[in-house]
Every structure is written in C-alpha cells, then in structure tokens.
Protein chains: 2
Amino acid sequence: MATIYEVSALAGVSLATVSRVMNGGTRVSEKTRDKVNKAVEALNYRPSSIARSLASNCSNSVGILVSELHGPIYGEMMSGIEKQLRTAGKHVIIAAGHSDAVSEKDGIEFLIDRNCDALILHVEAISDAYLIELAKSKHPFILINRYIPQISDNCISLNNRRGGYLATKALLEHGHRDIAYISGPLWKMDASDRYLGHQDALSEYGIICNETLLFESNFQEEGGNEGILTLLDTHIPFSAVVCANDEMAAGAMQAARDKGLAVPDDISVMGFDNILLAQYMYPKLSTVNYPVKDMGKMAASWILKNIYQAPQPEITHVFEPELVWRDSVNSL
Amino acid sequence: MATIYEVSALAGVSLATVSRVMNGGTRVSEKTRDKVNKAVEALNYRPSSIARSLASNCSNSVGILVSELHGPIYGEMMSGIEKQLRTAGKHVIIAAGHSDAVSEKDGIEFLIDRNCDALILHVEAISDAYLIELAKSKHPFILINRYIPQISDNCISLNNRRGGYLATKALLEHGHRDIAYISGPLWKMDASDRYLGHQDALSEYGIICNETLLFESNFQEEGGNEGILTLLDTHIPFSAVVCANDEMAAGAMQAARDKGLAVPDDISVMGFDNILLAQYMYPKLSTVNYPVKDMGKMAASWILKNIYQAPQPEITHVFEPELVWRDSVNSL
DNA sequence: AACATTAATGTAAGCGCTTTCATTTGGTTT
DNA sequence: AAACCAAATGAAAGCGCTTACATTAATGTT
C-alpha cells in the first residue's frame, strides 16, 4: 500500500500539499493539484484512515448500540442510520446491548474505546442518571426511542403514550369496551408509556382500567401467545386485546386461533409498530405506525449536524405515531 | 484522556513496560506490573485503539457487508457475527450492499479503506471473478451464503439446492403433483440453487418441470403476492406452491386468501428460511430451516482462527438445511 | 522599480502507541 | 568475589497522517 510519502515524492511536492489535495479544503493551485492526483492515481494511493484519525483526532466513525441486531425494528433503524451516515463517508460500528444494564454499559465503553466520534444509543436498561452523567463527558451521543427531560436535546423519541392512546381509542370508537392489554416489560419506558396511553383512552371514555386485563410480557411472539392464554384463563370477558407490539400481536392471534377463537370475529387484535409483516399477517393487522427508519435517519442527521458540522435540515426530536387500520379489528 | 506517557511517568517505568503490561503477553515482574496497574487505575487510562492500530498495523475490526441491514435473515446473521466477535474484543463495522454490484464494490472498498483486518461478505451481485481476484489481494475475507469453487475455503454456504429439494420432495411425498414455484431473482445464486433443487425433486418423481408454473420474483412479501396472482391467472391447475423464502410465502398466502382460496385446503404453501415469524403465520408455515445465525458465528470463527490466530473449533463450510413441518401443507 | 499583500507550498513537530535492540538487574555458578 | 546468563527494563525509531508556522512565489500598488 502506497503511503503519502511516495505520493509526495512522485508528484514532487511536500507531504502537506498532498494532504491538502486529499482533503479538498484549502487552496492548492490547479497545476499541483493535477500533479498530485496523477500520482495518487498511478500509485493507487488510499489514505490510511487510521493514521488520519490519529493525527486529526477524528475517527469518522459513529457507534451504534441497539438492543438486538435482529428484529424488525432494530433492522429498520440501523438501515436508516447507515444509509445516512455512509453517504457522508462516516462509518458505523455496531454493538448489541441485549436490554441489560451491564451489557449496555459494556457496549458503550466498547464503542468509546473504539474512538467513535459519537454514539447512537438505543438503550433500555441503563439508568437516566448514568446517561445524564455521560452527557457531561465529552463523548457526544444521541438517544433513540427514549426521552429524558434533562437532556432532551440528546433524545429522539416516539410519542409512545400517544401511540397507546391511539390504539385503544380506535378500539373504543368501534364499540369495544372490554379491552385487554398485553404489554412489554413495564420497566421499559416505551412499554410503560404505551400502557399509559391505553389508560388515557380508557379514562376518556369513562372506563376504569381493569388491572386484571393487563398481562405484562416480553415484546416477543411467544410472549403474546402466553399473554392471550393467561388472559383467557381469567374468564374475564374481553372483546379486544391491544398488544404493545406487532410481534406479540402475531403470537396472540396465533394462540387465540389455537383456542378456537376467530380474529376479528371473536376477538379483535390491535398491534403496535407496523412492522413490514403486519400487513401480511392473517388477518392483516391493525396497528400503530412507528416511523423507526425515519427516526434512525434523524439521529444520523443530528450527528452529522452537531458533530461533523454538516448542514442538515431541521432536527425533529419527537415523532408522532399514526393509526394504521386494517382487518384485525371489527366493529361491535 | 490519559496517555501512555502519563501512566509511564506515574508508575516510574518506561513506555515499553506499560505497553507490555497492557498487552498481557511478555514477561514483566509482578512488582512492576502492579505499579503500572495502579497508575492505570489512578488515571483511568484506556489505550487509544487508533494509536494501537497505527503502530501495530492491526485494527481489530472486521467489516461486514450485507445486502440489507433489515430483514430477518440479515439480522440473525449479524447477530451471530457480532456476538462471536465482540467477546473476542473485535469490533464490527457494517455496510449495506443493496444487492447491487456497484454498491457492493463501494461497500467493500469502504470497509477496506477503514482498515478492517478482514471482511465478512454477503454479496450477491458482484461477479465470481471479482471475488477470486480479491482473494489474491492481501485483504482476507469470508463469503457467506455463497459458494465459489476456486476459493471454496473462503466460503460458508448453505446447501441451497438440497433445501429446494427437501421442500419440493415433502410436497411430493404428501401427494402433490402440480407444484408451482415462486422464486427469488434467478441471477442470485441462492435463488437458482433452490430452484435447481426443486427440479431435482420433481425429476426424481418423474415429473417434467413446467416452466409456466415458475414465477420469478424478488424475495419480498409483495413479490409473493404478485406471484400467486400471476400463477392463478394462467389457469394452469396446481395444488401447492413452494416459495423460495418465507416472506414471499407470507405474501402468497395473503394473496391466495384474498382470492378466496383457503390455505392449506385449497392450496398448500411451502416456505424457505424458517424465519422467526414463520411459526406465527396463519396457518403456521412449513418451511426449510436456514441456520443463518450459526453460519454467522461460523464466519466469525473462521476469522478469529485465520486472522487472529485464536483457537477455534473445526470450521464447517457448508451447512445443511432441514425441513420444518407445520400447518401450511396438507396431504392429498 | 520597490514594496506590500496574499496565495501557494514546504518544514517539522506531533498524534499515542508498538517493537526491536540495547542495557541493566539479579540470581547462579565456580 | 569474579564471571556468566537469563529475565526485566529502557531507549528510540517508527506507523502514516495533519497542521501550525515559516518560507517562497505571485500579484497588485504607487
């Protein structure tokens, strides 16, 4: 691999000049620029990003920490981020935090040690306090899908509460009154916010939220499965169930059917997230849209703007969910 | 951030000694090791991975190029890779290739420019020739889900042909004789291999493969949708359809139902990949298991073994698919 | 033509480590 | 106590760039 020395020698200019033309910026005469470019071409020279980082103290890399690398939501999110960042010539280092505090801290340290210029964090288990503290350090980061008032500028989040509200309200508008709820782990912000929204809608209709119709689950298909079974076992009647994400909704529908219940005739199901497969479930799932890809892009924009001083359009910090009406809910 | 100088000063030893204790390896007396560790502790020193990389010419990073960051398959794959690599202290830089030759080459160059020690490539559009050439360069890589005889040692692949065979054979064994096929883009190796397997099974049963019952699609739900519609329009009777992946199977089931056809009573559907959601479709999808996570792990192992000289268990280069029998196929 | 400005280029000092080779230390041997 | 040797440590030269500062060339002014 050719180095900048060889280029400078071949072009008959100094190191500094080569560096200048490689980095665009500063003034270099047309003539020398050409000479350098020819030499670069001839030697097939590619600057070493490592050496560049060391000298400039900027690694051009941003670290992403998500709970899992698989799963429809994280995939979309990373997809949005990577696209945005790569066109800007930045690269993306990823790590998984597995929704576990220790593992998440590990991941953050790992990424920081890797000299990331900034981090995009999707963390669930780590405390607000830790994050607030981190914000004081000189390691910039943006939080995705989480809102912490003290550092609101570092947050890009979905209005989950409103999403929960929308989901349940749609059910109520269609005549449902006995509505069960399969939640994600309630210690997770998004899960509890969504549930809060559910309660908002209920109380708007003067309905007292029945805690026994709540099943706290794990955001996974199998959890939806288990949820519906448990709920059914209580023998408390309900005509609809809202699931805090689409995967649990899939599990719930499956389990309901296994029990001989038809969806939506015997029981209506509402999801949340609007993952791609929601429209291919049977029946097609009514759900709440979570524009996660856009949020990923926005997080990337924030970094481009705040860390790399690239001009960017206005940053949106909180995104609004929207109801997506399909076939899994019927009218009473 | 403290540097190695400060540590060396505080501990009263030379740079080299600090470096030695940081890197474990070489002999340092207990006493000095302690002194150094104390200083490290006191200063909260973390070595700069950048400087380390520059000096040692090893970046401890491996680049991953997948077609898309979203999608159930890639997610599982990356998940397997990241887990394996991170426990070894390596980090993972990702890029997307979008199944497009130009974009894939871009991605490879991008990762190489980032000084990755090795690459894990899931590329579809790039030619064999290019990769064979690349193998001659000093940039090590492992190909995942692709087999090129000339560089077989760099390949970790699924026996797709056998998978296609298994899928269709299962249908044949259950009495189906008129079997439609919704394929992925046939220029993609995996798609054409799976189709070949389908033909293998057919000819084993003495059935002439009817080209009009083949629909070449895009591996996406919507493509399965379109596929079944087109196939139905031909008015050539068929009792079952095998889809070259589960997502298309979801689309196909959906579309069949929209046309008033019951699955599996009027039409049986077989998928491929065994994505997580396959078991939550309705009816539960019969499919062929693609152990993609294990393959990701294996790719990581290969790198750990071949690039970082870490001891690893035996490397498996070709993985075998397995039939997963569920409810979307009936017996004739 | 002499001088002041500004643009273009060069010099050299780092960036924070690793690593080779030389030197010192301390324990053994005779 | 002298001589020897292996183990421990240190000195210093890079790794391939960027960048502040110095120098030179080009242009404009009067």
Side-chain angles (χ1 to χ4, degrees), chain A residues 1-40 43-61 89 91 112-117 138 308-309, chain B residues 1-40 43-61 89 91 112-117 138 308-309:
Chain A
M1 195 93 265
T3 74
I4 196 172
Y5 288 96
E6 303 166 42
V7 175
S8 106
L10 183 62
V13 300
S14 73
L15 288 194
T17 302
V18 177
S19 177
R20 284 188 191 102
V21 351
M22 293 313 290
N23 294 298
T26 28
R27 54 261 272 88
V28 181
S29 75
E30 270 313 310
K31 225 186 306 180
T32 51
R33 184 184 303 278
D34 274 6
K35 278 194 297 187
V36 171
N37 281 142
K38 287 226 174 61
V40 166
L43 296 168
N44 187 28
Y45 166 70
R46 346 263 335 222
S48 149
S49 65
I50 297 281
R52 208 201 279 255
S53 298
L54 182 59
S56 68
N57 195 29
C58 162
S59 67
N60 281 310
S61 68
H91 68 271
I112 288 177
D113 281 355
R114 250 54 207 190
N115 289 80
C116 293
D117 296 331
K138 56 181 189 332
Y308 298 115
Q309 283 76 277
Chain B
M1 195 93 269
T3 73
I4 196 172
Y5 288 96
E6 303 166 41
V7 176
S8 106
L10 182 62
V13 300
S14 74
L15 288 194
T17 302
V18 178
S19 178
R20 285 188 191 102
V21 353
M22 293 312 292
N23 295 298
T26 27
R27 54 257 278 84
V28 181
S29 75
E30 269 313 309
K31 224 188 309 181
T32 50
R33 184 184 303 279
D34 274 5
K35 279 195 296 187
V36 171
N37 283 142
K38 287 227 173 62
V40 166
L43 296 167
N44 188 28
Y45 166 71
R46 347 259 338 220
S48 150
S49 65
I50 296 282
R52 208 201 279 256
S53 298
L54 182 59
S56 68
N57 194 30
C58 162
S59 67
N60 282 311
S61 67
H91 68 272
I112 287 178
D113 281 355
R114 251 53 206 191
N115 289 79
C116 293
D117 296 331
K138 59 181 185 334
Y308 298 115
Q309 281 80 280

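Naming: A, B, ... by sequence-line order, numbering from 1 per chain.
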Taking only residues two or more places apart in sequence or in another chain, which ones pass side chain to side chain contact (heavy atoms under 4.5 Å, CB included) with [X]?
{"X": "A/L54", "value": "B/I50, B/A51, B/L54"}
{"X": "B/I112", "value": "B/I108, B/L119, B/L134, B/H139"}
{"X": "A/A9", "value": "none"}
{"X": "B/D113", "value": "A/R46"}

Length of the line joining [X]:[atom1] and [N]:[atom2], which is rounded to integer Å:
{"X": "A/R52", "N": "C/dG16", "atom1": "CZ", "atom2": "C1'", "value": "19 Å"}
{"X": "B/I4", "N": "D/dG10", "atom1": "CD1", "atom2": "P", "value": "12 Å"}
{"X": "A/R46", "N": "D/dC15", "atom1": "CZ", "atom2": "P", "value": "21 Å"}
{"X": "A/I50", "N": "D/dT18", "atom1": "CD1", "atom2": "P", "value": "13 Å"}
{"X": "A/E30", "N": "C/dT9", "atom1": "CD", "atom2": "C1'", "value": "16 Å"}
{"X": "A/N115", "N": "D/dC17", "atom1": "CG", "atom2": "C1'", "value": "15 Å"}
{"X": "A/N60", "N": "C/dC15", "atom1": "CG", "atom2": "P", "value": "20 Å"}

Between protein and nucleic acid, restricted to nucleotides 5-9 of chain D and to nitrogen or oxygen atoms under 3.5 Å apart, what atom pairs and distances do you find?
residue: D/dT9; atom: OP1; partner: B/S29; partner atom: OG; Å: 3.0
residue: D/dT9; atom: OP1; partner: B/T32; partner atom: OG1; Å: 3.1
residue: D/dT9; atom: OP2; partner: B/S29; partner atom: N; Å: 2.9
residue: D/dT9; atom: OP2; partner: B/T32; partner atom: OG1; Å: 2.9

Please pick, from [options], the nucleotide with the shortest atom-to-atom distance to any side-chain atom of [X].
{"X": "B/A16", "options": "D/dC17, C/dT11, D/dG10", "answer": "D/dG10"}
{"X": "A/A55", "options": "C/dC15, D/dT19, C/dG16", "answer": "C/dC15"}
{"X": "A/L54", "options": "C/dT19, D/dG16, C/dC17", "answer": "D/dG16"}

To the nearest 0.5 Å, what is the distance between SG on A/C58 and CZ on A/R52?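 So the SG of A/C58 and the CZ of A/R52 are separated by 9.5 Å.
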Going from OG on A/S19 to CD1 on A/I4, what distance comes out if it is rounded to the nearest 0.5 angstrom? 5.0 Å
Please confirm whether the shortest side-chain N or O distance from B/Y5 to OP1 or OP2 of C/dG14 is below 4.0 Å. no
Examine C/dT18: is either OP1 or OP2 under 4.0 Å from a nitrogen or oxygen in the side chain of B/N57? Give yes or no. no
Is there side-chain contact between A/Y308 and A/N60, with heavy atoms separated by less than 4.5 Å?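 Touching, per the 4.5 Å side-chain cut-off.
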Contact check, side chains of A/V13 and A/V18, non-hydrogen atoms, under 4.5 Å: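 A/V13 vs A/V18: side chains touch.
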DNA chain C: stems of at least 3 consecutive Watson-Crick or G-U pairs, cut-off 3.5 Å?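 Runs of three or more consecutive pairs: C:1-30 with D:1-30.
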Do you know which two heavy atoms are closest between A/S59 and A/D117, and how far apart they sit?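 What the structure gives for the nearest pair is N-OD1, 2.9 Å.
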Assign each of B/L15 and A/S19 to its nearest nucleotide of DNA chain D by heavy atoms, then name whichever residue's nucleotide is nearer the 5' end. B/L15
